[in-house]
Amino acid sequence: DEQQLCDLNVDLILTQDLCRVCAIDLRTVERVAARLSPRPRILCLNPQNLDDVLHNLLETGEAVGLAMTANNALASLSARLHAVDACVASRRRLQKRATNVAFIEWSDPLYIGGHWTPQLIER
């Protein structure tokens, strides 16, 4: 809603150009932003894996002036991920066989999870 963006007087637009089904395409966002005054900054996040998702946290924190908070959040999330990895590794040693997992993002049409989802399952 271009008028609502204008009324909000936004400084920053967060978007993604990874999935054209999930969001407005980047060119449309850029075109709308170019008509706003003052022109907002656009931060387009396109993570392909879990490390990219975590890096996007830093990019977003910097973009909104909260770099230190983002760094602290990243440290906390990284510690939690390492704890989960250790727990999963311990359980895997006790299992007789690997667990089979299917991750489905949409059921109609059937759409298998991609991007960083396989990395989360493999962890």
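This one's a predicted model, so the numbers in the text were calculated from it and none came from an experiment.
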request  = Kindly compute the distance separating CG (L57) from CG (D52), expressed to the nearest 0.5 Å.
outcome  = 13.0 Å

key: Euclidean distance, Q95 CD relative to R92 CZ, rounded to 0.5 Å   = 8.0 Å

task = Apply side-chain contact (heavy atoms from CB on, under 4.5 Å) to the pair T15 and I24, showing each step before the final yes or no.
result = CA-CA 8 Å; T15 189; I24 300 169; 5.8 Å; no

message = Nearest 0.5 Å, please: how far is CG in L45 from OG1 in T60?
response = 4.5 Å

query = Side-chain contact, heavy-atom cut-off 4.5 Å: L26 with I42?
reply = yes

CZ on R91 to CZ on R93, rounded to 0.5 Å = 12.0 Å

L36-V29 co-clustered via ILVMFWY side chain contacts under 4.5 Å = yes

ask   = Quick one: CG on D85 to OG on S90, what's the gap to the nearest 0.5 Å?
value = 12.5 Å

message = According to salt bridge (Lys or Arg N to Asp or Glu O under 4.0 Å), who are the partners of D17, at least two apart in sequence or on a separate chain?
response = R20

message = Any side-chain to backbone donor/acceptor pair from S78 onto L74? Under 3.5 Å, distance only.
response = yes

ask   = Partners of Y111 by ring pair (Phe, Tyr, Trp, His ring centres under 6.0 Å), sequence neighbours excluded?
value = W106

task = Treating Ile, Leu, Val, Met, Phe, Trp and Tyr as nodes and any side-chain heavy-atom pair under 4.5 angstrom as an edge, say whether I13 and L43 lie in one connected cluster.
result = no

request  = Count the heavy atoms of every other residue, nucleotide or ligand shown that sit under 6.0 Å from CZ of R35, and state whether that count exceeds 12.
outcome  = yes

inquiry  = Let me check something: do V10 and L12 share a hydrophobic cluster, defined by ILVMFWY side-chain heavy atoms less than 4.5 Å apart, either directly or through other members?
reply    = no

task = Output, in order, the C-alpha distance, side-chain angles, deciding distance and verdict of side-chain contact (heavy atoms from CB on, under 4.5 Å) for L5 and E2.
result = CA-CA 5 Å; L5 281 174; E2 187 174 344; 5.7 Å; no

request  = Check whether L77 and V84 end up in the same hydrophobic cluster, where Ile, Leu, Val, Met, Phe, Trp and Tyr are linked by side-chain heavy atoms less than 4.5 Å apart.
outcome  = no

message = Quick check for you: to the nearest 0.5 Å, what is the distance between L54 atom CG and E59 atom CD?
response = 11.5 Å

ask   = Under 4.5 Å between side-chain heavy atoms, hopping through other hydrophobics if needed: is there a path connecting I121 to L81?
value = no

request  = Take Q4 and D7 through the test side-chain hydrogen bond (donor to acceptor under 3.5 Å, both in side chains) and record every step on the way to the result.
outcome  = CA-CA 5 Å; Q4 187 170 12; D7 293 343; over 6 Å; no

inquiry  = Treating Q119 as the side-chain partner and N49 as the backbone partner, does any N or O pair qualify as donor plus acceptor under 3.5 Å?
reply    = no

inquiry  = Quick one, P40 and N9 - any side-chain contact, counting heavy atoms below 4.5 Å?
reply    = no

